[in-house]
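Just below is one structure, and these are the notes that go with it.
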2 protein chains.
Amino acid sequence: MRIAELSRRSGIAVPTIKYYLREGLLPPGELTSPNQASYDEHHLHRLRLIRALTDLAQVPVAGVRVVLEVLDSDTMSLHARIGTVHRAISPSRRLTASDDARTAAADQVRELIERRDWQVEPDAPAIGTLVETIAVLRTLGQDHLLGTLDSYAEAVERFTELEVAAVTSRTDPDQIAESVVIGTILGETLISALRLLAQENNSARQLGQNTRSKRRSEGTRRRA
Amino acid sequence: MRIAELSRRSGIAVPTIKYYLREGLLPPGELTSPNQASYDEHHLHRLRLIRALTDLAQVPVAGVRVVLEVLDSDTMSLHARIGTVHRAISPSRRLTASDDARTAAADQVRELIERRDWQVEPDAPAIGTLVETIAVLRTLGQDHLLGTLDSYAEAVERFTELEVAAVTSRTDPDQIAESVVIGTILGETLISALRLLAQENNSARQLGQNTRSKRRSEGTRRRA
DNA sequence: GTTTATGGATACTGATACTATCCATGACGA
DNA sequence: TCGTCATGGATAGTATCAGTATCCATAAAC
């Protein structure tokens with residue numbers, strides 16, 4: 001198929017497809033002549049995957065490129081793929097917390113990892129996020145949200161079990177790789193949406209209509 | 001304190017603070033003269049909160065403004081606050097899936113919500129995200145990741161229980177509101193980081209070094 | 001009384017993700 | 001075969017976001 005049909009079938013504008021080609025997200029079509037290329041179902045699937053990552057999972061284009069390279073690699077182990085994907089989807093954070101808050105948080109995270117006997121690289125990006133988040137929560141006076149950190153850790157382990165179960169139902173290694181990668185990324189979108197719903201449900205049932213706060217500051221104003 | 005000290009203590013550049021003032025994220029300092037204002041600990045706390053939301057939770061500035069307005073409101077119920085925050089942090093998605101995939105996914109979501117007896121608004125943004133994600137997973141041929149949807153739902157309920165437990169340990173209504181809002185938003189960052197760690201651990205232990213895939217496509221190339 | 005900081009307004013910047021335009025060439029129907 | 005239309009490839013333009021930078025009149029601090 002030519003680019004016009006690819007555009008029609010994917011719902012993505014031709015200039016955008018060309019952009020993805022330029023950015024190396026989409027492999028070039030097979031050239032049948034200097035100005036004619038043909039695309040196939042792979043390209044269509046790729047486009048859908050790209051939009052899933054950008055639209056649903058908010059992965060930036062540069063990250064999508066890395067993810068796709070991981071899927072295309074024929075030498076990476078699954079473990080290496082996961083690591084690379086984790087790095088690709090972890091935004092480079094600006095440090096927000098104070099140094100000693102961070103040090104304390106780092107201790108807490110180290111202990112948590114030991115307690116749960118998690119085998120993770122000491123420079124895994126998620127550790128940095130975790131440390132920074134805990135440090136900031138402390139600084140904001142929200143330590144109490146951390147009392148249940150271990151229970152949270154226990155709960156997320158459940159997710160990985162579910163994911164492993166789902167993924168090992170596939171047999172083709174390529175399929176497994178794609179499942180793991182998509183599961184990692186879109187799984188987060190899924191979990192996050194479910195969590196918001198569970199939260200809304202809980203709020204509707206328990207926190208009710210009548211808990212309001214009296215104020216002391218007069219709030220902020222939007223610019224004119 | 002004046003703006004220079006606020007800047008020094010928060011680690012945020014003066015022009016950025018001015019920007020937040022312009023955008024209405026930070027209430028103006030108390031004017032002691034036409035060109036002199038004084039800021040207090042509230043402003044410092046606010047700045048930390050702003051950076052936590054933008055840097056850690058990736059909330060866009062417009063969303064931060066809404067979140068802060070929610071915190072400043074003295075009339076909203078907790079339930080209304082949560083709803084508003086959910087709307088503020090749910091990015092407006094572009095529709096990616098095909099119409100019938102979406103219809104099918106919508107049915108599945110409706111059934112899930114019924115099965116779990118969740119009390120949620122039919123137009124809650126998370127429902128849209130969930131529907132779209134499920135539709136896309138199907139389209140990508142990753143249905144098998146959805147077999148465990150109910151278990152996922154069960155697992156996220158655990159989170160809300162933990163959160164409720166943590167939040168109700170506070171007594172001051174203002175504190176509760178801030179805890180709920182911060183818990184909702186930073187809780188996600190926390191869970192997501194924990195999940196990635198659990199995943200890496202699992203991968204290191206189970207998926208091992210020797211599962212690789214043979215390829216049929218030659219992959220994508222970065223532009224020159 | 002001079003240097004420095006401040007509030008407020010406005011303009012500029014860099015990154016990201018597209019969109020649009022151009023052009024030489026090739027496909028395709030009349 | 002001719003004329004129109006689409007295509008690949010290159011380059012330029014746009015919108016949005018999140019700051020940065022500059023200016024200026026005034027006021028604080030030494």
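All chains are named by letter (A, B, ...) in the order of the sequence lines, taking the proteins before the strands, and each is independently numbered beginning at 1.
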A:Arg65 side chain near C:dT16 phosphate (N/O to OP1/OP2, under 4.0 Å): no
Pairs meeting criterion side-chain hydrogen bond (donor to acceptor under 3.5 Å, both in side chains) with involvement of residues 129-141 of chain B, two or more places apart: B:Arg93-B:Thr129, B:Arg102-B:Glu132, B:Gln108-B:Arg138
Can you tell me how far C1' of C:dG7 sits from CD1 of B:Ile17, to the nearest Å? 13 Å
State whether B:Arg46 and B:Asp72 are salt-bridged, where the test is any N-O pair (Lys NZ or Arg NE/NH1/NH2 against Asp/Glu carboxylate O) under 4.0 Å. yes
Would you kindly give the CG-to-P distance between B:Leu21 and C:dA9, to the nearest whole Å? 11 Å
Once you round it to whole Å, what is the distance between P of C:dG26 and CG of A:Leu31? 12 Å
Return each pair, listed once, that meets salt bridge (Lys or Arg N to Asp or Glu O under 4.0 Å) where at least one residue sits in residues 29-45 of chain A; pairs must be two or more places apart or across chains. A:Arg9-A:Glu41
Using atom CD of B:Glu5 as one end and atom P of C:dT6 as the other, report the distance to the nearest whole Å. 10 Å
Under 4.0 Å between a side-chain N/O of A:Thr16 and OP1 or OP2 of C:dT19, yes or no? yes
So which one's nearest nucleotide on DNA chain C is more toward 5', A:Val61 or B:Val14? B:Val14
Restricting to nitrogen or oxygen on both sides, can you table the protein-nucleotides 3-5 of chain C pairs closer than 3.5 Å?
none

Per the atom types in the model, does the base of C:dT19 pair as donor or acceptor with the side chain of A:Arg22 at under 3.5 Å? yes
Reading DNA chain D from 5' to 3', where do the contacts with chain B start and stop? Cut-off is 4.0 Å to heavy atoms. D:dA18 to D:dA28
Mind checking whether A:Ile3 and A:Lys18 have side chains closer than 4.5 Å, heavy atoms only? yes
For residues 181-202 of chain A, which residue pairs pass the salt bridge (Lys or Arg N to Asp or Glu O under 4.0 Å) check, not counting sequence neighbours? A:Arg195-B:Glu163
A:Tyr19 OH to C:dT21 C1', in whole Å, measures 18 Å
How many Å lie between CD on A:Gln58 and P on C:dT16, as a whole number? 15 Å
Check: B:Arg48 and A:Thr96 side chains under 4.5 Å, non-hydrogen atoms: no
Please enumerate all residues that pass side-chain contact (heavy atoms from CB on, under 4.5 Å) together with A:Ala57, with sequence neighbours excluded. A:Val59, A:Ile185, A:Leu186, A:Thr189
Do other residues, nucleotides or ligands put more than 12 heavy atoms under 6.0 Å from the CD atom of B:Glu5? yes
No-hydrogen, no-angle side-chain donor-acceptor test under 3.5 Å, A:Gln175 and B:His144: no
